[in-house]
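Reviewing the structure listed below.
Only this structure's heavy atoms are used, side chains among them; waters, hydrogens and symmetry mates stay out. Whatever order the structure lists them in is the order used to number ligands and atoms, beginning at 1.
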Amino acid sequence: MGLVQWLKGQFLCHLIICYGFLVSGLLVNLLQICTLPLWPINKQLARRINCKLGYSLTSQSVALLEWWSGTEVTFYTDPADYQFYGKENAIIVLNHNFEIDFLCGWTFCDRFGVLGASKCLAKKELSYLPVIGWMWYFLEMVFIKRKWEEDKRSFVQSLQNLRDYPENFWFLLHCEGTRFTEEKHQISMEVAEKKGLPKLKHHLLPRTKGFWVAVQNLRGTVAAVYCCTLNFRNNETPTLLGVINGKKYHPDLYIRRIPLESVPEDEAECSSWLHKLYQEKDQFQEDYSHTGCFPGPVVTPLRGPWALINWIGWTCLLLYPLYLLLVQLVLSGSILTILATVAFCSAARALWIRLQMNVPREYRYSLVCHGLCIPTVC
Ligand SMILES: CCCCC/C=C\C/C=C\CCCCCCCC(=O)SCCNC(=O)CCNC(=O)[C@H](O)C(C)(C)COP(=O)(O)OP(=O)(O)OC[C@H]1O[C@@H](n2cnc3c(N)ncnc32)[C@H](O)[C@@H]1OP(=O)(O)O
Ligand SMILES: CCCCCCCCCCCCCCCCCC(=O)OC[C@@H](O)COP(=O)(O)O
């Protein structure tokens, strides 16, 4: 293991990364609150500012994935579709199997300049997440409780609000409605059987209402549906903790552009159309499991430097006051304060180690032995 890889496993590095993300996130939240008085005066300007602030926070996780862990998403798509990416609004339909699927999605957004404005149909609970959930509120993310009677009015309203959005945006929809597990798969295939629908091997049965309502309300605003299928080589099971520990993954993302005009307007027809789309996606996954690749040529959109520059900028800016604080702490000479700080850091480290125990065993070994230096745990 090289020195750099060893460093990536160190608690101190993780502490700095998390500190930078949290503190910059809170500052972004604060700046977002400051845009509130601007909304009634110049709504479009307020939205644009929020997109930039959103980029400044979200791109840190893209930098973490691409530059820190070295993970490079391989994009498969028809070159004829490529020219549209980033130049139009789109609804993204993506499978929901992996812990870091949203991160790989963000990489795709970043490569085409829509990261700051990217949106998602997400469960309501996520809007309460400190930092990231609060940021999404200002980015006009669409949240649902997954109880249709309670959701329908606010869902439609949130979609209608996007009709005059000043920046190109991609709206992500996980039609499966939840992350894939074997148990959920079994239940949803029972539903498929009852409905007389073909069984899917790699997906849950899609929930169709959200897709239909999104398409109906975004017609004229959104130009296409991007059917995205994500998988990882060598049956990798990527985790966010793995990324933070600098583990490199190998994601493949297949994108197909489908003009919105080809999606039926009628609810029942739209629903059948979505089921058919998922049957096709399922076939792509099945083929991938045999061949290790998706159809279509690989395209390599340029990785811009901005995510990295932004991340380094925030880190430098925020490390300086931390350094001053530490110096002040030492100079204060207060044994009690120093001991309290050491106790706090030790507790944080112990908590972190417990969290690490969720990462796959083979990687846990290298983490524990080389990174955290607690051989007894392996
Ligand atoms: C690659 C590029 C990426 C670009 C990225 C861009 C932006 C990213 C930005 C941010 C990233 C953040 C990532 C955050 C991720 C957040 C993930 C989530 O929160 S997922 C959860 C929330 N989302 C959804 O739920 C969406 C999917 N659901 C729907 O759309 C639903 O339709 C609904 C709107 C919630 C309404 O659901 P409801 O159940 O009320 O209605 P439906 O008609 O859809 O379903 C009823 C129907 O379903 C049948 N049924 C019963 N059980 C099941 C089952 N297990 N599976 C399937 N179907 C089932 C039931 O019998 C009913 O049938 P019928 O109508 O015939 O009676
Ligand atoms: C410099 C970077 C700092 C490192 C930190 C990286 C931070 C990454 C940003 C965190 C963003 C959090 C996004 C949460 C996405 C969670 C996806 C999710 O939760 O999906 C839920 C669905 O599946 C439904 O779940 P169910 O309730 O059905 O089960």
To the nearest 0.1 Å, how far is atom 7 (C) of ligand 1 from its closest protein heavy atom, and which atom is that? Lys119 O, 3.1 Å
Around atom 25 (O) of ligand 2, find the nearest protein heavy atom and jot down its residue, atom name and distance. Lys123 NZ, 3.3 Å
Answer yes or no for Arg303 and Trp67: cation-pi contact, defined as NZ/CZ to six-membered ring centre under 6.0 Å and angle to ring axis within 45°. yes
Establish, for the pair Lys52 and Tyr55, whether the NZ or CZ atom is under 6.0 angstrom from the six-membered ring centre and no further than 45 degrees off its axis. no
With heavy atoms only and a cut-off of under 4.0 Å, state how Cys109 meets ligand 1: side chain, backbone, both or neither. side chain
If the contact criterion is a heavy-atom separation under 4.0 Å, does Thr208 count as touching ligand 1? yes
Applying a 4.0 Å heavy-atom criterion (strictly less than), which segment of Phe171 is in contact with ligand 1: side chain, backbone, both, or neither? neither
Is it true that the side chains of Asn50 and Thr35 contain a donor and an acceptor less than 3.5 Å apart? yes
Is it the case that Ser69 and Thr71 place a side-chain donor and acceptor less than 3.5 Å from each other? yes
Where's the contact between Lys195 and ligand 1, heavy-atom distance under 4.0 Å: side chain, backbone, both or neither? side chain
Whether the Asp282 and His202 side chains hold a donor-acceptor pair (N or O, under 3.5 Å, no angle test) is what I'd like checked. no
What residue and atom, counting heavy atoms only, is the protein's closest point to atom 2 (C) of ligand 2, and at what distance? Phe21 CD1, 3.7 Å
Salt bridge (Lys or Arg N to Asp or Glu O under 4.0 Å) between Lys123 and Asp151: does it pass, once the steps are laid out? CA-CA 11 Å; Lys123 60 177 179 179; Asp151 282 329; over 6 Å; no
Measure centre to centre between the rings of Phe294 and Phe284, then say whether the value is under 6.0 Å. no
Indicate yes or no: does Glu88 engage Arg257 in a salt bridge with an N to O separation below 4.0 Å. yes
Any non-hydrogen protein atom less than 4.0 Å away from atom 48 (O) of ligand 1: yes
If you count the atoms of ligand 1 from 1 in the order shown, which ones are under 4.0 Å from a heavy atom of Gly210? 29 (C), 30 (O), 31 (C), 32 (O), 34 (C)
Note the single closest protein heavy atom to atom 51 (C) of ligand 1, along with its residue, its atom name and the distance in Å. Arg207 NH1, 3.8 Å
Do the side chains of Glu140 and Lys43 get close enough for a salt bridge, i.e. N-O under 4.0 angstrom? no
Taking only heavy atoms of Ser188 into account, list the atoms of ligand 1 that are under 4.0 Å away from them. 55 (N), 56 (N)
Flag the pair Leu277 / Leu274 as yes when at least one side-chain heavy-atom distance between them is below 4.5 Å, and no otherwise. yes
Measure the distances from the heavy atoms of Trp311 to every atom of ligand 2 and state whether one is below 4.0 angstrom. yes
Is there side-chain contact between Tyr249 and Cys104, with at least one heavy-atom pair below 4.5 Å? no
Does an N or O anywhere in His96 fall below 3.5 Å from an N or O of ligand 2? yes
Check: Trp273 ring centroid to Phe211 ring centroid under 6.0 Å: yes
Can you tell me which residue and heavy atom of the protein come closest to atom 13 (C) of ligand 1, and the distance to 0.1 Å? Phe102 CB, 3.7 Å
Check ligand 1 against Phe108 and write out every atom of the ligand that is under 4.0 Å from a heavy-atom position of the residue. 1 (C), 2 (C)
So which bit of Ile144 gets within less than 4.0 Å of ligand 1, heavy atoms only: side chain, backbone, both or neither? side chain
Would you check if the distance from the ring center of Phe108 to the ring center of Phe112 is below 6.0 Å? yes
Please assess Asn89 against Val114 for the test side chain to side chain contact (heavy atoms under 4.5 Å, CB included), listing each intermediate value before the final yes or no. CA-CA 9 Å; Asn89 298 333; Val114 294; over 6 Å; no
Counting heavy atoms under 4.0 Å, the part of Ile255 that contacts ligand 1 is neither
Return the residue, atom name and 0.1 Å-rounded distance of the protein heavy atom closest to atom 3 (C) of ligand 1. Gly105 CA, 3.5 Å
What are the atoms of ligand 2, with element, lying closer than 4.0 Å to any heavy atom of Arg146? 24 (C), 26 (P), 27 (O), 28 (O)
Within the 4.0 Å heavy-atom shell around Trp148, which atoms of ligand 1 are there? 34 (C), 40 (O)
Considering only heavy atoms, which of Phe112, Phe211, Trp106, Phe169 lies nearest to atom 8 (C) of ligand 1? Trp106
How far apart are the C-alpha atoms of Asp78 and Arg256, what are their side-chain angles, what is the distance that settles it, and do they pass the salt bridge (Lys or Arg N to Asp or Glu O under 4.0 Å) test? CA-CA 7 Å; Asp78 185 339; Arg256 281 191 308 157; over 6 Å; no
Look at atom 4 (C) of ligand 2 and say which protein heavy atom is nearest, naming residue and atom and giving the distance to 0.1 Å. Leu64 CD2, 3.8 Å
Indicate, with yes or no, if the rings of Phe138 and Trp134 have centres closer together than 6.0 Å. no
List the closest protein heavy-atom neighbour of atom 57 (C) of ligand 1: residue, atom name, distance to the nearest 0.1 Å. Leu205 O, 3.5 Å
Is it the side chain, the backbone, both or neither of Leu121 that has a heavy atom closer than 4.0 Å to ligand 1? both
Starting from atom 14 (C) of ligand 1, what is the nearest protein heavy atom, named by residue and atom, and what distance separates them? Cys120 SG, 3.8 Å
N or O contact, Ser61 vs ligand 2, cut-off under 3.5 Å: no
Among all the protein's non-hydrogen atoms, which is closest to atom 29 (O) of ligand 2, and how far away is it? Thr178 OG1, 3.6 Å
Is NZ or CZ of Lys119 both nearer than 6.0 Å to the six-membered ring centre of Trp170 and within 45° of the ring axis? no
Honestly, for Tyr226 the part within reach of ligand 1 (heavy atoms, under 4.0 Å) is neither
Verify the ring-centre separation between Phe143 and Tyr137: is it less than 6.0 angstrom? no
Output the list of atoms in ligand 1 that are nearer than 4.0 Å to some heavy atom of Met141, sorted by atom number. 10 (C)
At under 4.0 Å between heavy atoms, what of Glu176 touches ligand 1? The answer is neither
Hey, which atoms in ligand 2 end up nearer than 4.0 Å to a heavy atom of Arg179? 17 (C), 23 (O)
Taking the minimum heavy-atom distance to atom 12 (C) of ligand 1, which of Phe155, Trp136, Tyr254 ranks first? Trp136
Top protein contact for atom 26 (C) of ligand 1, by heavy-atom distance: His174 O, 3.4 Å
Are Phe180 and His185 close enough that their ring centres sit under 6.0 Å apart? yes
Atom 11 (C) of ligand 2: of Trp136, Phe180, Phe102, the nearest heavy atom sits on Phe102
Protein residue, atom and distance nearest to atom 19 (O) of ligand 1, heavy-atom basis: Lys123 N, 2.9 Å
Indicate, with yes or no, if the rings of Tyr76 and Tyr254 have centres closer together than 6.0 Å. no
